[in-house]
Amino acid sequence: MQTQRVVLLVACGLLMAASSRADDEDFSQEDARAAVKAYIDSRVQKDGTFRYHDPQADALLDLELDNIRLVRRIHGYGHFVDVDFHAKGEAAKPYDLDFWLKPAGKKLEVVDVRIHKAPKREGDGWKLVTRSPIPWWWIPATEHPGETEEKKSWQVESAVNEYVAANAKDGVLVLKDDKTGEERTLDFVEIHRPLRRIEGGSYFACTDFREHGSKDKFYDIDFWLTEKDGQLEVTEARIHKEPKNEDGVWVQMPRYNFEKEKVKDLH
């Protein structure tokens, strides 16, 4: 009897542990919609607008919600919610923002928010134009990740994006400069394409960051990733190019070059 009770308790414990480790399949489209609505509502300003920092344009946008329009799921990567906004006081000036959500315990949490389409002036009005590069989650579309010998570029991009989002505070990533030892405060702008696989099994991604508080000082940051238990993990981040002022203009100067898939430091 005592043995049966122990087995029952262990079984219950395993059941509870399994239920606490939610997968993206455990959540519905309505769950994703509700999580995004709660996220937006929690960040609405006193004037009723949702404030979003556009990293590409380096602009602070005050947006008014129109419609939570589309929810997609990529197996193993989470839910992606497409939301329509317009600029405060300008109903005809639209924005299309994507919200990336992943399970966190028994709920969905927003990992990152990126602009999918932004307004462009056309005559007396505005039209929505797809941003380039598009967020990585639009690349697979209806494709199932599947099992392949090598990870696909968008899978590498997703791992870098998640690493940056998880380590940034209020959108600002603090990175220790491996050359000077100083801490750099950086705003994530974009990931370059194509991404690369390095001989030996690791992966590589090149990114652009803007120095926080600056308009035109850009850093090129390289990320190295390796696969562990089927998942890609960032193992190293280094400054590849740093901003140097030349005749009043900030230009990116490389610290090292790549030769035959190996990193070579410049002197």
Side-chain angles (χ1 to χ4, degrees), residues 22-120 125-141 157-158 160-173 186-191 210 212:
D23 186 80
D24 52 50
E25 292 183 4
D26 297 331
F27 298 95
S28 67
Q29 290 192 1
E30 287 309 310
D31 291 331
R33 289 176 186 272
V36 168
K37 183 63 164 61
Y39 179 89
I40 294 171
D41 288 346
S42 69
R43 287 160 176 77
V44 165
Q45 307 294 307
K46 290 182 179 179
D47 62 357
T49 61
F50 173 71
R51 183 163 291 171
Y52 174 76
H53 177 251
D54 179 355
Q56 193 173 102
D58 192 30
L60 198 59
L61 307 176
D62 287 324
L63 305 173
E64 295 178 340
L65 176 65
D66 289 325
N67 182 36
I68 299 176
R69 179 165 47 84
L70 175 69
V71 180
R72 299 179 304 121
R73 180 175 64 83
I74 302 177
H75 176 71
Y77 289 83
H79 287 76
F80 304 88
V81 183
D82 211 24
V83 183
D84 293 332
F85 292 88
H86 64 267
K88 177 185 175 183
E90 298 182 76
K93 188 177 181 180
Y95 284 85
D96 178 347
L97 271 63
D98 287 350
F99 291 73
W100 175 21
L101 302 96
K102 292 191 75 175
K106 295 183 179 180
K107 64 179 181 178
L108 286 171
E109 285 190 354
V110 173
V111 177
D112 200 10
V113 183
R114 306 293 287 181
I115 291 179
H116 179 206
K117 298 180 181 179
K120 182 179 180 181
W126 299 91
K127 72 170 183 178
L128 273 176
V129 177
T130 301
R131 275 279 178 89
S132 181
I134 59 172
W136 62 264
W137 43 81
W138 285 102
I139 299 173
E157 195 167 337
S158 76
V160 174
N161 190 176
E162 188 166 7
Y163 174 87
V164 172
N167 288 280
K169 185 176 182 181
D170 298 325
V172 180
L173 179 71
L186 307 167
D187 296 328
F188 175 50
V189 178
E190 65 182 23
I191 300 173
R210 181 188 292 105
H212 185 64

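In this chain, numbering begins with 1 at the start of the sequence shown.
- At least one donor-acceptor pair under 3.5 Å links the side chain of Arg210 to the backbone N or O of Pro55.
- Scanning both residues, Tyr77 and Phe80, for their nearest heavy atoms gives O-CZ, 3.8 Å.
- Considering only heavy atoms from C-beta on, Leu101 stays 4.5 Å or farther from Asp31 through its side chain.
- Within the model, atoms CZ of Arg33 and CZ of Phe99 stand 13.0 Å from one another, a figure rounded to the nearest 0.5 Å.
- Atom CG of Asp54 and atom CG of Leu60 lie 10.0 Å apart (nearest 0.5 Å).
- For His53 and Asp58, the side-chain atoms include at least one donor-acceptor pair closer than 3.5 Å.
- Of all the heavy atoms in Ser132 and Glu190, the pair that sits closest is O-OE1, 4.3 Å.
- Applying the ring pair (Phe, Tyr, Trp, His ring centres under 6.0 Å) rule to Phe50 yields the partners Phe85; only residues at least two apart in sequence or on another chain are considered.
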Given the rule in the side chain to side chain contact (heavy atoms under 4.5 Å, CB included) test, do Tyr52 and Val113 qualify, once you have shown the distances and angles that lead to the verdict? CA-CA 9 Å; Tyr52 174 76; Val113 183; 3.8 Å; yes
I'd like a table of donor-acceptor pairs (distance under 3.5 Å, sequence neighbours excluded) in which one partner is a side-chain atom from residues 162-170, with atom names and distances.
{"from": "Glu162", "atom 1": "OE1", "to": "Lys102", "atom 2": "NZ", "distance (Å)": "3.2"}
{"from": "Glu162", "atom 1": "OE2", "to": "Lys102", "atom 2": "NZ", "distance (Å)": "3.3"}
{"from": "Asn167", "atom 1": "ND2", "to": "Tyr163", "atom 2": "O", "distance (Å)": "2.7"}

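- Looking only at distances, a side-chain donor or acceptor of Gln45 sits under 3.5 Å from a matching main-chain atom of Arg43.
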Walk me through whether Thr49 and Val44 qualify under side chain to side chain contact (heavy atoms under 4.5 Å, CB included). CA-CA 5 Å; Thr49 61; Val44 165; over 6 Å; no
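- Ring centroid separation for the pair Tyr95 and Trp126 does not come in under the 6.0 Å cut-off.
- Here the closest heavy-atom approach between residue Val81 and residue Ala32 is recorded as CG2-CB, 3.9 Å.
- Note: Lys93 NZ to Lys120 NZ = 14.0 Å, rounded to the nearest 0.5 Å.
- Ion pairing between a basic and an acidic side chain is recognised when a charged N comes within 4.0 Å of a carboxylate O; Asp84 and Lys117 show no such pairing.
- In terms of heavy-atom proximity, Pro94 sits nearest to Pro119 at O-CD, 3.1 Å.
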Asn67 and Val83: CA distance, side-chain angles, deciding distance, side chain to side chain contact (heavy atoms under 4.5 Å, CB included) verdict: CA-CA 6 Å; Asn67 182 36; Val83 183; over 6 Å; no
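- Residues His86 and Ala91 approach most closely at CD2-CA, 3.6 Å, considering heavy atoms.
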Dump the intermediate steps for side chain to side chain contact (heavy atoms under 4.5 Å, CB included) on Val71 and Val36, then the final yes or no. CA-CA 10 Å; Val71 180; Val36 168; over 6 Å; no
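- Here the straight-line distance linking atom NZ of Lys88 with atom CG of Leu61 works out to 13.0 Å at 0.5 Å rounding.
- Salt-bridge check for Asp98 with Arg114: failed, with every basic side-chain N at 4.0 Å or more from each acidic carboxylate O.
- The closest donor-acceptor contact from the side chain of Asn161 to the backbone of Ser158 lies at 3.5 Å or more, if one exists at all.
- Under the 3.5 Å distance criterion, the side-chain polar atoms of Arg72 are matched with a main-chain donor or acceptor of Trp137.
- Checked for salt-bridge contact, Glu109 and Lys107 meet the test: a charged N lies under 4.0 Å from a carboxylate O.
- With sequence neighbours excluded, the residues that form a ring pair (Phe, Tyr, Trp, His ring centres under 6.0 Å) with His116 are Trp138.
- Between Asp82 and Arg69 the shortest heavy-atom distance is OD2-NH2, 2.7 Å.
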